Amino acid sequence: QVQLVESGGGLVQAGGSLRLSCEASGRTFSSVAMAWFRQAPGKEREFVAAIRWSGGRILYADSVTGRFTISGENAKNTVNLQMNSLKPEDTAVYYCAAGTNLSILMTPRGYDYWGQGTQVTVSS
């Protein structure tokens with residue numbers, strides 16, 4: 001009954017930028033943290049970035065640190081991902097996730113709700 005919907009994906013040349021957004025719909029809930037994960041064909045889902053609302057703790061994967069910025073609003077269960085200096089290696093389906101009770105931000109386990117994913121393709 002809770003849905004997360006991502007938007008903002010698309011095709012961009014290497015070095016370009018995209019801004020992903022995730023918006024919750026359906027019944028109301030209170031998230032502890034929200035995050036972005038991504039998955040390329042044939043590969044496991046990997047952590048990209050997360051924000052814990054309490055204390056504003058933010059974590060990034062090493063591969064995106066300095067290039068991506070996560071932001072959001074707790075009250076609205078929304079999260080954004082500004083992606084700059086994109087590389088072909090960033091090509092993947094990007095998923096938004098929300099967790100209502102979790103302690104580890106970097107793993108999919110613990111996140112209760114997921115979006116359908118939005119495709120990001122970075123051409124060389």
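Computed from a predicted structure; not experimentally measured. Quick note: residue numbers are just sequence positions, from 1. The figures here come from the full heavy-atom set of this structure, side chains too, leaving out hydrogens, waters and symmetry mates.
- Checking side-chain atoms of Arg52 against main-chain N and O of Ser103 turns up a donor-acceptor pair under 3.5 Å.
- Considering every non-hydrogen atom in both Ser31 and Ala98, the closest pair reads CB-CB, 4.3 Å.
- With contacts defined as side-chain heavy-atom distances shorter than 4.5 Å, the pair Glu89/Ser63 does not qualify.
- Pairing each heavy atom of Ala14 with each of Ser124, the nearest pair is CB-CA, 4.4 Å.
- Between Val2 and Asn77, every side-chain heavy-atom pair lies at or beyond the 4.5 Å cut-off.
- Both Ile58 and Leu81 are members of a single hydrophobic cluster when ILVMFWY side chains are connected at heavy-atom separations under 4.5 Å.
- In this structure, Val64 and Arg38 have side chains that are in contact, with non-hydrogen atoms separated by less than 4.5 Å.
- In this structure, CG on Asp112 lies 7.5 Å from CG on Asn101, to the nearest 0.5 angstrom.
- Clustering ILVMFWY residues whenever any of their side-chain heavy atoms sit less than 4.5 angstrom apart, transitively, puts Val79 in a cluster other than the one holding Leu102.
- Ile70 is not connected to Leu105 by any chain of hydrophobic side-chain contacts under 4.5 Å among Ile, Leu, Val, Met, Phe, Trp and Tyr, and they are in different clusters.
- Looking at Gln3, its side chain never comes within 3.5 Å of a backbone N or O of Gly26 through a donor-acceptor pair.
- Taking a 6.0 Å sphere around CD of Gln39, one finds it holds more than 12 heavy atoms contributed by other residues, nucleotides or ligands.
- Taking the side chain as every heavy atom from C-beta outward, Arg67 and Tyr60 never approach each other to under 4.5 Å.
- Judged by distance alone, the side chains of Gln82 and Asn80 never bring a donor and an acceptor atom under 3.5 Å apart.
- You'll find the side chain of Pro108 stays beyond 4.5 Å of the side chain of Glu44, heavy atoms only.
- Looking at Glu6, its side chain does come within 3.5 Å of a backbone N or O of Gln116 through a donor-acceptor pair.
- At least one side-chain heavy atom of Gln119 sits less than 4.5 Å from a side-chain heavy atom of Thr91.
- If you chain together hydrophobic residues whose side chains sit under 4.5 Å apart, Met83 and Val122 fall into the same group.
- Listed by first then second residue, pairs satisfying ring pair (Phe, Tyr, Trp, His ring centres under 6.0 Å) with a partner in residues 78-117 read Phe29-Tyr113, Phe37-Tyr111, Phe37-Trp114, not counting sequence neighbours.
- Connection of Trp36 to Val32 is not established within any shared hydrophobic cluster, with ILVMFWY side chains joined at heavy-atom distances below 4.5 Å, either directly or through further cluster members.
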